[in-house]
Amino acid sequence: MLWSDPENEPPEELRDMQKMLRRLGVLMALAMVLAMIVTGLS
């Protein structure tokens, strides 16, 4: 880490991407659970 680097403040784009990825991860987890329930019922 360089001295000139800002204090642990990621750029706005990166923060937005992280938020989106987190949402995507939650959606994927929910989809997997749903798929397991559906396959378990059939």
Side-chain angles (χ1 to χ4, degrees):
M1 186 125 172
L2 299 170
W3 288 109
S4 58
D5 282 354
E7 293 277 324
N8 272 338
E9 207 35 51
E12 194 67 38
E13 294 163 9
L14 197 78
R15 264 180 285 166
D16 286 346
M17 205 170 77
Q18 282 175 340
K19 267 187 227 164
M20 215 170 70
L21 282 173
R22 224 172 282 139
R23 278 192 211 125
L24 204 74
V26 171
L27 279 176
M28 285 295 283
L30 283 173
M32 287 292 284
V33 170
L34 258 175
M36 282 180 185
I37 291 171
V38 169
T39 51
L41 290 176
S42 59

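Quantities reported herein were computed from a predicted structural model and do not represent experimental measurements. Starting from 1, each residue takes its place in the sequence as its number.
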Ignoring hydrogens and angles, write down the donor-acceptor pairs under 3.5 Å from the side chains of residues 28-40, residues two or more places apart or on other chains.
unit_1: T39; atom_1: OG1; unit_2: A35; atom_2: O; d: 2.9
unit_1: T39; atom_1: OG1; unit_2: M36; atom_2: O; d: 2.9

**Report entry** Pairs touching residues 18-40 that satisfy salt bridge (charged side-chain N to carboxylate O under 4.0 Å, His left out), sequence neighbours left out
**Finding:** none
Report summary line: Contacts of L27 meeting side-chain contact (heavy atoms from CB on, under 4.5 Å) (sequence neighbours excluded), chain-then-number -> none
Query - Counterpart residues, salt bridge (Lys or Arg N to Asp or Glu O under 4.0 Å), relative to E12 (two or more places apart) - result: R15
